[in-house]
Student: 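I have a structure here, written as structure tokens, and I will follow up with some questions on it.
Remember, it's 1-based here, ligands and their atoms both numbered in the order they're listed.
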Amino acid sequence: MRISTTTGLLGLAVAVSQALVQAQDPPLQNPIQSAPFYLILKSRNSTLNNAYLSPCHEGAAEEALCPTKESLTDLPYSKFFYNTSAPESGGTGILTWNLPLGESYVSQPMLFQYNDASNVAVPIIFFTQDPKNVEFGSDGLMTIFSYRDDTKPLTLNSNYTAHLSRWYVCDTIPTWYLYQTLAWAMGKAKPQNPSCQKVEVYRKWA
Ligand SMILES: *[C@@H]1O[C@H](CO)[C@@H](O)[C@H](O)[C@H]1NC(C)=O
Ligand SMILES: *[C@@H]1O[C@H](CO)[C@@H](O)[C@H](O)[C@H]1NC(C)=O
Ligand SMILES: *[C@@H]1O[C@H](CO)[C@@H](O)[C@H](O)[C@H]1NC(C)=O
């Protein structure tokens, strides 16, 4: 499916008006926003190692996160923020990005786009009431907190906790563009998408 410019602009207008509605009703209570930072990849593949994640256009006000080796001076729109409801002592929060809008901007969260036919989820930046919770370790590693391990017999009141890093870079098509983007493997199996390469994602303060 292709989208015409008019439909695209209309979509943007709708998305932005939704954002303005949402601005009065944010998903987090009194979000505390971190200082800006970049997201940098670590990988055994030198092509991806030390690449930055940069928002890449997927549709009206919708971006995936694409690795780039461009220098930071050429990446003015690749700064992210971390919104939490409590000061950053543990707990999780959401990754946010400021969508430029004329002279101003709108804060958008990251969510996961799931595909029932795949174990690969694609992080995208878009308006949603259901953003993905992430966390950052003391070394800056971005992880997802898990309190359940269904690879073992389940018990109620288990004390299991894990800080998962199942990030990959894969060829994906979240909307209608084929890009190499950040991705997340659902579960502990390898991603079924053969293009996926393992990466770790670190926060680097801007
Ligand atoms: C390293 O990553 C690049 C970019 O995705 C890819 O073209 C290349 O095949 C990868 N190299 C190896 C050894 O996997
Ligand atoms: C993130 O926090 C800032 C500061 O409170 C807020 O203005 C912004 O709307 C929040 N972004 C999202 C996507 O909730
Ligand atoms: C979980 O931790 C609590 C408090 O430390 C302990 O009383 C309980 O036995 C633990 N439960 C399991 C299943 O290990």
Student: Which ligand 1 atoms are under 4.0 Å away from a heavy-atom of Gln180?
Tutor: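 The atoms of ligand 1 under 4.0 Å from a heavy atom of Gln180 are 4 (C), 5 (O).
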
Student: Is there any N or O on Pro31 that sits under 3.5 Å from an N or O of ligand 2?
Tutor: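 Yes, there is a polar N/O contact under 3.5 Å.
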
Student: For ligand 2, is there an N or O atom under 3.5 Å from any N or O atom of Ser107?
Tutor: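 Yes, at least one N or O pair falls under 3.5 Å.
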
Student: For a ring pair (Phe, Tyr, Trp, His ring centres under 6.0 Å) check, start with the C-alpha distance between Tyr160 and Tyr147, then their side-chain angles and the critical distance, and finish with the verdict.
Tutor: CA-CA 5 Å; Tyr160 172 87; Tyr147 57 90; 8.8 Å; no

Student: Heavy-atom count around Tyr77 OH within 6.0 Å, excluding the residue itself: above 12?
Tutor: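 Count not over threshold, so no.
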
Student: Do any N/O atoms on Gln108 end up under 3.5 angstrom from N/O atoms on ligand 2?
Tutor: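 No, since none of the N or O atoms of Gln108 sits under 3.5 Å from an N or O of ligand 2.
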
Student: So which of Val169, Leu48, Asn45, Thr47 gets nearest to atom 1 (C) of ligand 1, if we judge by its closest heavy atom?
Tutor: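 Heavy atom nearest to atom 1 (C) of ligand 1 belongs to Asn45.
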
Student: Is it the case that over 12 heavy atoms from other parts of the model lie below 6.0 angstrom from the OH atom of Tyr105?
Tutor: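 For Tyr105, atom OH is not crowded (no more than 12 foreign heavy atoms under 6.0 Å).
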
Student: Is NZ or CZ of Lys204 both nearer than 6.0 Å to the six-membered ring centre of Phe37 and within 45° of the ring axis?
Tutor: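 Relative to the ring axis of Phe37, which defines the angle, Lys204 lies outside at least one limit.
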
Student: Answer yes if a protein heavy atom lies under 4.0 Å from atom 9 (O) of ligand 1, otherwise answer no.
Tutor: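 Under 4.0 Å from atom 9 (O) of ligand 1, zero protein heavy atoms found.
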
Student: Are Leu75 and Thr68 close enough, and set up right, to give a side-chain contact (heavy atoms from CB on, under 4.5 Å), and what steps lead you there?
Tutor: CA-CA 9 Å; Leu75 295 171; Thr68 174; 3.8 Å; yes

Student: Identify the protein heavy atom lying closest to atom 6 (C) of ligand 1, giving its residue, its atom name and the separation to 0.1 Å.
Tutor: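 That would be Gln197 NE2, 3.9 Å.
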
Student: Can you name the atoms of ligand 2, numbered from 1 with element, that are less than 4.0 Å from a heavy atom of Asn83?
Tutor: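 Near Asn83, meaning under 4.0 Å from one of its heavy atoms, ligand 2 has 1 (C), 2 (O), 3 (C), 8 (C), 10 (C), 11 (N), 12 (C), 14 (O).
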
Student: Once you measure the plane-to-plane angle for Tyr177 and Tyr179, does it fall in the parallel (<30°), tilted (30-60°) or perpendicular (>60°) bin?
Tutor: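 Because their plane-to-plane angle is under 30°, the rings of Tyr177 and Tyr179 count as parallel.
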
